[in-house]
2 protein chains.
Amino acid sequence: MRLTTKGRYAVTAMLDLALHAERGPISLADISKRQDISLSYLEQLFSRLRQSGLVSSVRGPGGGYRLARDTAEICVAEIIDAVNESVDATSCGGNSDCSAGEQCLTHYLWTDLSRQIHGFLNGISLADMVARADVQEVARRQDGRAAEDALDRVAEQKVAIIGGLQ
Amino acid sequence: MRLTTKGRYAVTAMLDLALHAERGPISLADISKRQDISLSYLEQLFSRLRQSGLVSSVRGPGGGYRLARDTAEICVAEIIDAVNESVDATSCGGNSDCSAGEQCLTHYLWTDLSRQIHGFLNGISLADMVARADVQEVARRQDGRAAEDALDRVAEQKVAIIGGLQ
DNA sequence: TATATACTTGACTGAAGTAGTAGGTTATTA
DNA sequence: TAATAACCTACTACTTCAGTCAAGTATATA
């Protein structure tokens, strides 16, 4: 069992998608900026998310990704599964051949733990996350900063134009 | 967060110690045979378990390891901690600096998950494991096989002796 | 229809961790 | 003093992570 940036990034990106769904397709470049995740790395992750049927893509200018299902129908466990991170805590994958072909002493402990984790992550949908106050606050902060950055870019262009006129 | 053979082996070995505590110090060679874990690898793990004060050692012939505390006072979470496997699911270690120095969108999700896992593993002591029927069954099977192996070795010695006499 | 935009794919890489192996030294006891 | 078992150090093959780079392909707009 492992949970690394891979699964965390995937969930974060999917949540970003859920939060900005009303704007139409969201480009990975946008998510990359907002969530501070490498664009190329996001491309890899979304390739898997698309193959798993969690998102659909729209190509061409103005394109991007959108959720394939309602936010209430996508749970965190699915997203982590999609990017190939297993939440299984046993070494045998539940086959009970963990110690010289037979069940190891601690087999049931890991089985119980797996059930515990899976139950927890299965019970949380993107809709649940979107509804949380703390998530909304972070999202507001991130959107605010993105707007500032956009203004900065406009200002820079003005300076460049004025510089060109002189 | 990751849970690999390292943590699993450590818990299994500690449970083996708990199950055979009445025999006095248990050698790593015994555990290695019973649990099918590499002896050298066990040495590495027990070095950490000793440093963490979970086991004490007895050197010399007839020596080995024994639990430093009562089985009811040692929980699974401690053992996994001791061999340096973290059960923390956040990337920031709880520092909330996960996304460009600020809290990431999914911070609370990983914090909750960590609490969940830690609570589960903290609530299970070695005594709880020893008391489980499934654990006792596997232990009986392993002890039975160990006894058979011992008989086999005696038989081999006899053959060797007879061979030497001829 | 040219072109910018955006998604897609594959190969590659440095760093880190896993799961060991090998070969010693030191302490104890029979 | 020989055997036993803990203790210690160094090494290695392998895998995965996290990310980069480069070359594509598809599509909408001007």
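Chain letters run A, B, ... following the sequence lines, proteins first and then strands; every chain starts at 1.
Rounded to a whole Å, the CG atom of A:Asp36 is 9 Å from the P atom of D:dG19. Atom CG in A:Asp30 sits roughly 13 Å away from atom C1' in C:dT5 (whole-Å rounding). A:Ile26 places its CD1 atom 11 Å from the P atom of C:dC7, with the value rounded to the nearest Å. In this structure, B:Ile31 places its CD1 atom 12 Å from C1' of D:dA5, rounding to the nearest Å. Rounding to whole angstrom units, CG of residue A:Leu28 and P of C:dC7 are separated by 5 Å. For the pair B:Ile37 CD1 and C:dG20 P, the computed distance is 9 Å after rounding to whole Å. Spacing between atom CZ of A:Arg48 and atom P of D:dA18 amounts to 12 Å, rounded to whole angstrom units. Separating the CG atom of A:Leu45 from the P atom of D:dC17 is a distance of 11 Å, rounded to the nearest angstrom.
In terms of phosphate contacts, B:Thr5 brings a side-chain nitrogen or oxygen within less than 4.0 Å of OP1 or OP2 of C:dA19. Using a 4.0 Å cut-off, no side-chain N or O of B:Ser57 falls inside it from OP1 or OP2 of D:dA5. Distances shorter than 4.0 Å separate none of the side-chain N or O atoms of A:Arg8 from OP1 or OP2 on D:dC17. In this structure, B:Ser38 reaches the C:dT21 phosphate: one of its side-chain N or O atoms is under 4.0 Å from OP1 or OP2. Residue A:Tyr41 places none of its side-chain N or O atoms closer than 4.0 Å to OP1 or OP2 of D:dC21.
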Please produce a list of atom pairs where a protein N or O lies less than 3.5 Å from an N or O of nucleotides 26-29 of chain C.
from: C:dT26; atom 1: O2; to: B:Arg59; atom 2: NH2; distance (Å): 2.9

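Partners of A:Thr12 under the side-chain hydrogen bond (donor to acceptor under 3.5 Å, both in side chains) rule, at least two apart in sequence or in another chain, are B:Thr106. Scored by the side-chain hydrogen bond (donor to acceptor under 3.5 Å, both in side chains) test, B:Asp36 finds no partners at all (sequence neighbours excluded). Applying the side-chain contact (heavy atoms from CB on, under 4.5 Å) rule to A:Leu42 yields the partners A:Ala13, A:Leu28, A:Ile31, A:Ser32, A:Ile37, A:Phe46; only residues at least two apart in sequence or on another chain are considered. Residues that satisfy the salt bridge (Lys or Arg N to Asp or Glu O under 4.0 Å) test with B:Arg59, not counting sequence neighbours, are absent from this structure. Contacts of A:Arg115 classified as side-chain hydrogen bond (donor to acceptor under 3.5 Å, both in side chains), with partners at least two apart in sequence or in another chain: A:Asp112. Residues satisfying the side-chain contact (heavy atoms from CB on, under 4.5 Å) test with A:Ser47, not counting sequence neighbours, are A:Gln51. Here A:Asp16 pairs with A:Arg34 under the salt bridge (Lys or Arg N to Asp or Glu O under 4.0 Å) rule; sequence neighbours left out.
Across residues 12-24 of chain B, not one residue has a non-hydrogen atom less than 4.0 Å from an atom of DNA chain D.
A 6.0 Å sphere centred on CD of B:Glu137 holds no more than 12 heavy atoms belonging to other residues, nucleotides or ligands. Remark: A:Glu43 CD is packed, more than 12 non-hydrogen atoms of other residues, nucleotides or ligands lying under 6.0 Å away.
Contact annotation for A:Phe46: no contact, since no heavy-atom pair falls under 4.0 Å across all strands. Within the nucleic acid shown, B:Tyr9 comes within 4.0 Å of sugar-phosphate atoms alone, with no base atom in reach, counting heavy atoms only.
Nucleotides of DNA chain C nearest to B:Leu39 and A:Ser27 differ in position, and the one nearer the 5' end is that of A:Ser27.
Shortest non-hydrogen contact noted between A:Leu121 and A:Cys75 is O-CB, 4.0 Å.
Sorted by first and then second residue, the pairs that involve residues 93-104 of chain A and meet side chain to side chain donor-acceptor pair (under 3.5 Å), not counting sequence neighbours, are A:Ser96-A:Gln103, A:Ser96-A:His107, A:Glu102-B:Arg141. Pairs of residues two or more places apart, or lying in two chains, that qualify as side chain to side chain donor-acceptor pair (under 3.5 Å) and include a residue from residues 63-75 of chain B are B:Arg69-B:Glu78.
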* Under 4.0 Å protein heavy-atom contact, by nucleotide of nucleotides 10-17 of chain C - B base, S sugar-phosphate only -> -------S
